[in-house]
Undergrad: 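What follows is a structure written as structure tokens; I'll ask about it next.
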Amino acid sequence: MAKRDYYDVLGIAKGADADAIKKAYRQKAKELHPDRNADNPKAEAQFKEANEAYEVLKDANKKAAYDRYGHAAFENGMGASAGARGGGQGDFANAFSDVFDDLFGDFMGGRGGQRRGGAQRGSDLRYNLRINLEDAYAGLQKTINVTTAVSCGSCSGTGAEGGSEPQTCPTCSGMGKVRAQQGFFTVERTCPTCNGMGQTIKNPCKVCHGAGRVEKEKSLSVNIPAGVETGTRIRLSGEGEAGVRGGPAGDLYIFIEVNSHPLFEREGLNLYCRVPVSIATAALGGEIEVPTIDGGRSRVKVPEGSQSGRQMRLRSKGMPALRGGGSGDMMIELAVETPVKLTARQREILKEFDKLSEDNNPQGSSFFDSVKSFWDSMKS
């Protein structure tokens, strides 16, 4: 079976430059890698075909021979090794190592900024912010102070003194990593000369000592939206640590923690409030005023004969939804208060009431009997 044209295999035009060839090969390798095509029995053969094409076209001498003679250039010993036909262990391993970086480098650190002139993204930062429930209800603008690594103003983040520039590391050629061949496999490790930066600095900045960054406290204004709760995360893009050697800055993540409130208890969007009422109001009914989270007060009707633990709802008096969509409710729980330090007249009235209740409300009689026993014990 005749071999396909190498340019057609990679999907590029004849005469493509080295960058276009490498880009096309990496794309093909990602598409055809056997691990990504377990259900395609042809993928492995196509992957090897793409690798064979790349092994020839990436080499300037082999590419020139192929452009002139085609596949015949690598037959009958015309200057081509077995490796050019895809059988060479070392060439295949090197090519596979290139695409391995693209396929898995994001997960293993192989494609960090250090492979491009030493630039690295700055680290993300976390800031814990405690606020009151009232602030969580209304939202607020808060100024915070954060100590972080910022770009050195003396060297503009290059790490080099006096306007000089970092030099490409001679050991790794700016890759930040060196490779060693061990049989079929290629072992990659951090370059010992530049410590993975890809650059060396002969004349380091006296302010940052070559780091390109210095520690500094900066003030930031943070908008806390209404409706946040404990665990809400707010992202400030680019406000983390400055990047290394011109890399992008990281992000700042603000984690909200809402303090407990002496009166209100929050469950989702609803607020719960325990409100004391007198025995007379609970028994006869009436109106009470209750505080609300917005600082106001609402009047609530207490039905006649209300008992401790009874709940009533004030609609839309709870917490607002974080991203709109209305508000929760406020749930009021009545707590009937037993009077203390009774006057003689009050005791007399309660005894009279207790006596009258024995005939009209046997269940209530037991309650007042227990109240009477309690006060008698306190008196003794």
Side-chain angles (χ1 to χ4, degrees), residues 1-37 40 42-105 110-111 113-119 167-189 191 193-194 198-200:
M1 181 177 178
K3 288 187 176 181
R4 295 172 60 199
D5 182 85
Y6 285 154
Y7 289 100
D8 290 341
V9 170
L10 298 182
I12 55 177
K14 290 185 178 181
D17 59 19
D19 288 339
I21 292 170
K22 188 173 185 179
K23 181 179 179 180
Y25 168 67
R26 287 180 170 176
Q27 183 63 35
K28 284 290 183 182
K30 290 178 182 179
E31 293 176 1
L32 301 173
H33 195 279
D35 290 344
R36 292 188 170 188
N37 296 272
N40 183 6
K42 297 181 181 180
E44 183 174 359
Q46 293 172 339
F47 179 78
K48 290 180 178 179
E49 184 183 37
N51 178 73
E52 179 181 334
Y54 179 61
E55 283 301 307
V56 172
L57 298 181
K58 77 171 184 176
D59 185 284
N61 293 329
K62 295 177 183 179
K63 180 177 181 296
Y66 179 77
D67 289 344
R68 185 172 183 181
Y69 299 106
H71 292 297
F74 308 104
E75 297 174 357
N76 302 321
M78 292 183 63
S81 67
R85 295 192 297 271
Q89 244 184 25
D91 287 342
F92 179 81
N94 287 334
F96 184 79
S97 179
D98 286 340
V99 74
F100 181 87
D101 280 344
D102 278 355
L103 289 173
F104 306 106
R111 294 181 66 188
Q114 57 191 352
R115 293 190 53 153
R116 293 172 174 81
Q167 304 298 314
T168 300
C169 175
T171 302
C172 65
S173 300
M175 297 295 288
K177 296 179 180 180
V178 292
R179 293 171 176 171
Q181 192 74 33
Q182 294 185 356
F184 178 79
F185 297 98
T186 298
V187 179
E188 188 175 73
R189 66 180 186 274
C191 176
T193 302
C194 64
Q199 296 177 328
T200 58

Undergrad: Quick one: side-chain contact (heavy atoms from CB on, under 4.5 Å) partners of T168, sequence neighbours excluded?
TA: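 With sequence neighbours excluded, T168 shows a side-chain contact (heavy atoms from CB on, under 4.5 Å) to no residue whatsoever.
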Undergrad: Go through it in stages, so that I can follow the logic: the residues are K14 and D5, the test is side chain to side chain contact (heavy atoms under 4.5 Å, CB included), and I'd like the CA-CA distance, side-chain angles, deciding distance and then a yes or no.
TA: CA-CA 10 Å; K14 290 185 178 181; D5 182 85; 3.7 Å; yes
Undergrad: Which pair of non-hydrogen atoms, one from T171 and one from V178, has the smallest distance, and what is that distance?
TA: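 The pair with the smallest heavy-atom distance is CG2-CG1, 4.0 Å.
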Undergrad: Distance check, rounded to the nearest 0.5 Å: Q167 atom CD versus C194 atom SG?
TA: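 With rounding to 0.5 Å, CD (Q167) is 13.0 Å from SG (C194).
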Undergrad: First locate atom CG of N51, then atom OH of Y25, and finally report the distance between them rounded to the nearest 0.5 Å.
TA: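 Between N51 CG and Y25 OH, I get 4.0 Å after rounding to 0.5 Å.
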Undergrad: Nearest 0.5 Å, please: how far is SG in C172 from CD in Q199?
TA: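 If we round to the nearest 0.5 Å, Q199:CD and C172:SG are 9.5 Å apart.
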Undergrad: Name the residue from K62, K28, K58, K3 that meets the salt bridge (charged side-chain N to carboxylate O under 4.0 Å, His left out) definition with E52.
TA: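 Answer after filtering K62, K28, K58, K3: K3.
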Undergrad: Any sub-3.5 Å donor-acceptor pair from N37's side-chain atoms to E44's backbone N or O?
TA: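 The answer is no, because no donor-acceptor pair under 3.5 Å joins these two groups.
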Undergrad: Taking all non-hydrogen atoms of both residues, which atom of D59 and which atom of N61 are closest, and how far apart?
TA: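 Shortest heavy-atom separation between D59 and N61 comes out as OD1-N, 3.0 Å.
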Undergrad: Is there a donor-acceptor pair under 3.5 Å between the side chain of Y66 and the backbone N or O of Y6?
TA: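 At least one qualifying donor-acceptor pair exists.
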Undergrad: Measuring from atom NZ of K177 to atom CZ of R189, what distance do you get when rounded to the nearest 0.5 angstrom?
TA: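 CZ of R189 is found 12.5 Å from NZ of K177.
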Undergrad: Where the side chain of H71 meets the backbone of R4, is there a donor-acceptor pair that is under 3.5 Å apart?
TA: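 Answer holds: yes.
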Undergrad: Using side chain to side chain contact (heavy atoms under 4.5 Å, CB included), reason through Y54 and K22 one step at a time and then give a plain yes or no.
TA: CA-CA 8 Å; Y54 179 61; K22 188 173 185 179; 3.7 Å; yes
Undergrad: Which atom pair, heavy atoms only, marks the closest approach of G15 to Y7?
TA: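 What the structure gives for the nearest pair is N-CE2, 3.8 Å.
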Undergrad: Please check if the number of heavy atoms outside K63 that lie under 6.0 Å from its NZ is greater than 12.
TA: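 Enclosed.
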Undergrad: Using every non-hydrogen atom in the two residues, find where L10 and A53 come nearest and quote the distance to one decimal.
TA: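 Residues L10 and A53, closest heavy atoms: CG-CB, 4.1 Å.
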Undergrad: Run L32 and E49 through side chain to side chain contact (heavy atoms under 4.5 Å, CB included) and show every step you take.
TA: CA-CA 10 Å; L32 301 173; E49 184 183 37; over 6 Å; no
